[in-house]
Amino acid sequence: MEKWTPKHEAPEPLEGPVVSTVVGGTIIWFVLFLAQLPFYGWFADRGHTWWVWTPLAGAGLGLIGIWYVRGRDAALKRHAAQAEAKDAAGAEAADGALGTEAGPGASTTRSTSTSTRADRTA
């Protein structure tokens, strides 16, 4: 069993334009179907009609693939936005706990309330 045990970490998956790649592949399958359709008789005479229907099946599966990768892409973007919002909230909480101001992007309400608390304790 040791023969099949990986000896190193798997690399990170490559992220690219997945949606456009699947859409492009689906279009190519559909164009191949349309290009072979006029020759249906020739394929039928030789018993190769599956050559006509294979690109149509590829285009149909491509439509399912488009639905899948669009949902995956939306989920990845949604997760990244949630993680970013969580990081921003965590940074604000840390700044508030330390009593420091956040910098140029800080809201005026928070700065006022911090200075008001400081005035009360002084």
Residues at least two apart in sequence or cross-chain that pass side-chain hydrogen bond (donor to acceptor under 3.5 Å, both in side chains) with R72, listed by chain then number, are E15

Correct closest heavy-atom pair for V19 and R70 would be CG1-CG, 3.9 Å

Do W29 and I66 sit in one hydrophobic cluster, given that two such residues count as connected whenever their side-chain heavy atoms are within less than 4.5 Å of each other, even indirectly?
no

OH of Y40 to CH2 of W53, rounded to nearest 0.5 Å, is 5.5 Å

Nearest heavy-atom approach of F33 to L56 is CD1-CB, 3.7 Å

Closest non-hydrogen atoms of G62 and V22, given as atom of the first, atom of the second and distance, are O-CG1, 3.9 Å

Surrounding CZ of F43 (heavy atoms of other residues, nucleotides or ligands, distance under 6.0 Å), is the total greater than 12?
yes

Value for OG1 (T49) from CH2 (W42), rounded to nearest 0.5 Å, stands at 12.0 Å

Q: Determine whether W67 and V23 fall in the same hydrophobic cluster, where Ile, Leu, Val, Met, Phe, Trp and Tyr are linked whenever their side-chain heavy atoms lie under 4.5 Å apart.
A: yes

Exercise. Find out whether L61 and I64 are in side-chain contact, i.e. whether some heavy atom of one side chain is under 4.5 Å from a heavy atom of the other.
Key: yes

Check whether any side-chain heavy atom of V18 lies under 4.5 Å from a side-chain heavy atom of D73, and answer yes or no.
no

Closest non-hydrogen contact found for T26 with A59 is CG2-O, 3.5 Å

Membership question, hydrophobic clusters at under 4.5 Å side-chain separation (ILVMFWY): are L32 and V52 in the same one?
no

Here the gap from Q36 atom CD to H48 atom NE2, rounded to the nearest 0.5 Å, amounts to 12.0 Å

